[in-house]
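Note on naming: letters A, B, ... go to the chains in the order of the sequence lines (proteins, then strands), and numbering restarts at 1 for each one.
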Amino acid sequence: MRLTQILVGLLGLTALAGLSACGTGQTTAVDSGTESTTNSATGNQASKGTLVIRANGEDFVRQGFTSKDGWAITFDHVYVSLADITAAQTDPPFNPEAGGKLDPKAQVVLPDPVVVDLAAGDATAEPILVAETDAPAGRFNALSWQMPLAKEGASAGYSLWLQGTATKDGQKLPFTIKVAEALAFTCGDFVGDDRKGILEAGGRADLESTFHFDHLFGDGEAPADDDINTGSLGFGPLAALAKNGEVNVNSADLKAGLSPAEHDTFIKILPSLGHVGEGHCEEVKLTS
Amino acid sequence: MRYALGLLLVGLGSLGWETPGLAHGVHIQHRVISGIEIQARYDSGEPMQAAQVSIYAPGNPSDPWLKGTTDAEGRFRFTPDANQPGNWEVKVRQAGHGDIVSIPVAAMDGPMAGEPATVPSASLMKQPGELSPVKHWVTIAAVVWGFIGTALFFSRGKR
């Protein structure tokens, strides 16, 4: 009888210990975090928050940089014309690399055109505020915008206006490059240090149109055989168009003055200027 | 400077421990798991070596569920928690260049066949404190049985 009682007791304790171990034995050491309070898949919450749209020329514009061919470039103004800015919640997430149509579950459209100066502020300025708008809570993981020709303002008639100074070997060359090609970009999720576009009810979230001008001029800090340099125009071909100690050209002047290969490079670069942080966009060039 | 993220599945198969019959006190256990392998390359084809990888679970797009770096071939492997079905996001960044890809992972009891980026139902990464209904009730029964057995043990008379 005593042996039976001992066995019964041990069996009970063993079962308890065994099941307890079974419940936690496969636990990962990685914390999965907390549940999101919003549902990016539907975007149908009645609750709203504030979505902030910004445009960013990055440190290349704010602080200047050296082109692949050794020109130190600083900017006084970088006017970009923006319109039909659309922030979208997509599920499955829109993949610009795969192309296709952006199919939003919810979206916010800002149709009014606006021109912003990416060079505004000092070297440490925040990305430029474009708009703030009420938006349904959820996950804004896609952003598209168009760059029509500005109808008014300093850059009227152009989608992009680059103005600054290039310096090399003691030569100081003011430049103004006026782009008359209308462009459009359809992008996926922001890629950067932080995540963006996660809007909770009553909260604020931001999205960013990012412009990579190193694609046009190259980057003197990168190796010569880096893609950023092999695929860029540099500043030298533009400097060659200087008259009276200044480069002041528009799209027609570039077509007339650049070599066919250089102009082809310039035209192909334009649709690759738009990004969302480091994330790429579907590159659409509307007109030339 | 653009690159694409290629996705490959590795280790497809059922989950379970298998113990080879070894004879002299050394035991090597293995189990076949399933997971996801990504490979990040630049457009030039060059692999993104030692690039930063951040994995985001479907329920929390703000905080990485897992962080790591790619290997010399630009590869990174992970096993998503199948208890968290949905779009798992993988962000890869290096020196100012980056991309993000979304990988759908099916529900634990959902159909798995034919989905190239779907992980089979079983998972190595189970959350603390999660018990199935069956385990829940069996655990309760075991607790009760443990108390009864313990009581019987200590209530035995002195002989």
Side-chain angles (χ1 to χ4, degrees), chain A residues 1-2 4-20 22-36 38 40-41 58 91-95 97 139 141 188-195 197-198 212 214-215 222 226-228 230-231 272 277-280, chain B residues 1-5 42-44 46 55-66 79 81 83-84 86-87 89 91-93 95-102 104 123-131 135 138-139 141-157 159:
Chain A
M1 181 63 184
R2 181 183 181 189
T4 302
Q5 288 175 329
I6 291 173
L7 288 175
V8 168
L10 289 177
L11 275 173
L13 291 171
T14 302
L16 178 59
L19 279 172
S20 175
C22 183
T24 59
Q26 293 182 327
T27 299
T28 176
V30 182
D31 184 7
S32 66
T34 57
E35 287 292 323
S36 171
T38 60
S40 64
E58 301 191 311
D91 185 20
F94 176 71
N95 179 4
E97 307 273 354
R139 177 81 186 286
N141 54 8
D189 208 351
F190 177 88
V191 179
D193 289 336
D194 303 315
R195 306 216 71 185
I198 302 169
H212 290 192
D214 54 338
H215 286 217
D226 192 291
D227 285 355
I228 197 66
T230 58
S272 72
E278 297 162 6
H280 294 284
Chain B
M1 298 307 296
R2 302 175 54 194
Y3 62 84
L5 290 173
Y42 292 102
D43 273 353
S44 63
E46 177 189 358
I55 312 290
Y56 296 89
N60 186 355
S62 298
D63 303 313
W65 180 81
L66 180 65
T79 303
D81 181 355
N83 290 316
Q84 299 187 63
N87 291 321
E89 294 177 306
K91 182 171 69 176
V92 183
R93 302 178 67 208
H97 306 288
D99 204 354
I100 193 165
V101 65
S102 180
S123 171
L124 290 178
M125 296 184 174
K126 191 168 181 61
Q127 291 305 300
E130 290 182 5
L131 290 177
K135 280 186 177 178
V138 171
T139 300
V143 170
V144 173
W145 181 243
F147 280 124
I148 294 173
T150 303
L152 289 172
F153 176 75
F154 287 108
S155 65
R156 70 192 189 282
R159 302 285 171 90

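- Neither the backbone nor the side chain of A:Asp214 has a heavy atom closer than 4.5 Å to any heavy atom of chain B.
- Note: A:Pro93 leads A:Pro93, A:Gly279, A:Pro92 in heavy-atom pairs under 4.5 Å with chain B.
- Counting heavy atoms from C-beta on, the side chains of B:Ile100 and A:Arg195 come closer than 4.5 Å.
- Atom CD of B:Glu46 is separated from atom CG of A:Asp227 by 8.0 Å, given to the nearest 0.5 angstrom.
- In this structure, the separation between CG on B:Asp43 and NE2 on A:His280 is 7.0 Å, given to the nearest 0.5 Å.
- Between chain A and the options B:Gly96, B:Ser62, B:Ala95, B:Gly86, the largest number of non-hydrogen pairs under 4.5 Å is found for B:Gly96.
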For this session: Carefully, step by step, assess A:Glu97 and B:Asp99 under the rule side chain to side chain contact (heavy atoms under 4.5 Å, CB included).
Result: CA-CA 10 Å; A:Glu97 307 273 354; B:Asp99 204 354; 3.4 Å; yes

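- Rounding to the nearest 0.5 Å gives a distance of 9.0 Å between NZ of B:Lys91 and CG of A:Asp189.
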